[in-house]
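Following: one structure in structure tokens, then a few remarks.
Computed from a predicted model, the values in this text were never measured in an experiment. Every number for a ligand or one of its atoms is a count from 1 in the order of the listing.
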Amino acid sequence: QSQELSQVRIDYHAALQELQQHGTRMVCTGKMHTDRVCRFDYLCYSTEAEEFVFFHSNASVMLPNLGPRRFQPALLDLSSVEDHNTQYFNFLELPAAALKFMPKPVFVPDVALILNRFNPDNLMHVFHDDLLPIFYTMGQYSDLDEEARLVFMEGWSEGPHFQLYRQLSSKQPLLKEQLRNFGKLLCFTKSYVGLSKMTTWYQYGFVQPQGPKANILVSGNEIRQFSAFLAEKLNVTVGEPVEKMDEYIVVFSRSLNRLILNEAELILALAQEFQMKVVTVSLEEQSFADIIRALSRASMLVSMHGAQLVCSLFLPRGAAVVELFPYGVNPEHYAPYRTLTSLPGMDLQYVAWRNTKEENSVTFPERAWDQGGIAHLEKEEQERILKSKEVPRHLCCRNPEWLFRIYQDTQVDIASLLDALRQGLTSKPGPKKARPSSTVHPGRVREPKCQTSVQATNEAKLTVSWQIPWNLKYLKVREVKYEVWIQEQGENTYMPYILPHQNYTFSENIKPFTTYLVWVRCIFNKTLLGPFADVLMCKT
Ligand code: UDP
């Protein structure tokens, strides 16, 4: 490892002079610590103190310059999990003159992206918190290219999915524990610190019970571009059409815990019901590339709730995800995979099935607490949990009732599962050949105008007309409609109208000698809303 950095040629003397004279420079984006990513020249790290160091000189820059607010609570989140108090980033400050008394700095010549992985042992966390955010943070800054160096500061070892992280750049990612091999004071010539949260869709329940993020900003398009990138890096060819006779279902099984006890029976039933082959995969038995290969052409993925379901992002459009929940676990309350499948443009079907028969469940009260054991709890608490029919909503991460229920094994009741599938699947699941539906929104309608006339003391007319949005003439749109809102000035309600043409004369509810405010917008295919044109003031 220590060889690796020194191989890269860097003018040590020039770098040292630059650091001594100019100090550290930082310019960030983002108003809050939760949406901030910072770019640094000469950010240093003391492996002895385990602290980042900002060197002040006459030429150093610190934007935002927050003063003591930098500690309230931090400069930024080092992982993509929002405002988690174990994931904050900050630096210590020193005058550049102090360098004279410090160990000789070792310079990292690569452009570095410095971040915390949130939970590299768990595949959902690997994809949702790390891989996707790293991929799109790199997409945001042109010098974070395939030569970039990822630096993981959370302090964990490589973990079981390190090969996935290695696909994001051509350089071996560095772990915190490796930094001390390079020296006592490490200086990153150019680095970015923090991760974009733009692609995350789920919050894990640290401050309120888990659920979809309030303001999801990612669509299936970005997810799919990422999965295509990763598949290609792993040498998996995806995307050839699947012949009808070759359609198949994937059962993603867990072999250590949360088992499907009658997997063979389930496989036979699925094959029979859908007249398709059924294959099983598991993280224990297949390589990741093999799993992606299987999923990328599958018609359906069936699995117990669990992190392996994040692999749904490798399914083709039109496929179905069937998530099985153990006894006592309400699917509505644990929706990371349902939320993934229902991102706009993901084009995946989703069905949840829940074991409602306690006798079909096998519990493990004697196991360790983190595998759902409850033997360590007070007798009454154990009895309450055993009697409870559903885990009430709770915060992350150590709720014993939740862990007890989620780590049950399940005998899947085939009849009730097939019922759920017959009801839940809206169309025959399978790779869709049809092109994805358009997501192009209308522009503003142009030249909106109103004309008015008074017929009698209690009768008036209001004609509104406009031109089509500029982009419409280049598009093939199945259905173009317009929405007009009319509000009498001073009132706080309005009347909405959906209209098929570019003008309309309103006479009902239109009063003489009154001012109306009128807004017009275009709508493609019922759901793609355009912006409103500037408001019209229409006096009758
Ligand atoms: N895992 C697995 N097989 C098993 C149990 C777990 O592959 O039998 C994987 C699982 O997909 C996840 C990691 O091990 O990536 C941790 O599993 P855990 O049960 O802690 O988390 P969960 O799946 O509930 O998110």
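- Nearest non-hydrogen protein atom to atom 25 (O) of ligand 1 is N122 ND2, 2.9 Å.
- Close contacts of ligand 1 with G306, meaning ligand atoms under 4.0 Å from a residue heavy atom, involve 23 (O).
- For Y202 and H128, the ring centers sit 6.0 Å or farther from each other.
- The protein heavy-atom contact nearest to atom 14 (O) of ligand 1 is D121 O, 4.5 Å.
- Heavy-atom contacts from other residues, nucleotides or ligands closer than 6.0 Å to CD of E243 number 12 or fewer.
- There is no side-chain donor-acceptor pair under 3.5 Å between Y204 and H84.
- Among protein heavy atoms, the minimum distance from atom 18 (P) of ligand 1 is reached at Y407 OH, 3.3 Å.
- For the pair D347 (side chain) and R317 (backbone), a donor-acceptor distance under 3.5 Å is absent.
- Judged by a 6.0 Å distance limit and a 45° cone about the ring axis, R117 is positioned over the six-membered ring of Y165.
- Taking the six-membered ring where the residue is Trp, the centroids of Y334 and F325 are separated by 6.0 Å or more.
- Checked against K197 for a side-chain hydrogen bond (donor to acceptor under 3.5 Å, both in side chains), the options D35, D77, D129 give a single hit: D77.
- The protein heavy-atom contact nearest to atom 8 (O) of ligand 1 is L256 N, 2.6 Å.
- Residue L283 places no N or O, backbone or side chain, under 3.5 Å from any N or O of ligand 1.
- When the heavy atoms of R258, Q371, Q308 are ranked by distance to atom 24 (O) of ligand 1, first place goes to R258.
- Across M304, R254, E284, heavy-atom proximity to atom 3 (N) of ligand 1 is greatest for E284.
- The shortest N or O to N or O distance between H161 and ligand 1 is not under 3.5 Å.
- The part of S255 lying near ligand 1 is the backbone, judged by heavy-atom distances below 4.0 Å.
- Taking the six-membered ring for Trp, W402 and H394 have ring centres closer than 6.0 Å.
- The distance criterion of under 3.5 Å between nitrogen or oxygen atoms is met by L123 with respect to ligand 1.
- Of the polar atoms of A307, at least one N or O is found under 3.5 Å from an N or O of ligand 1, judged by distance alone.
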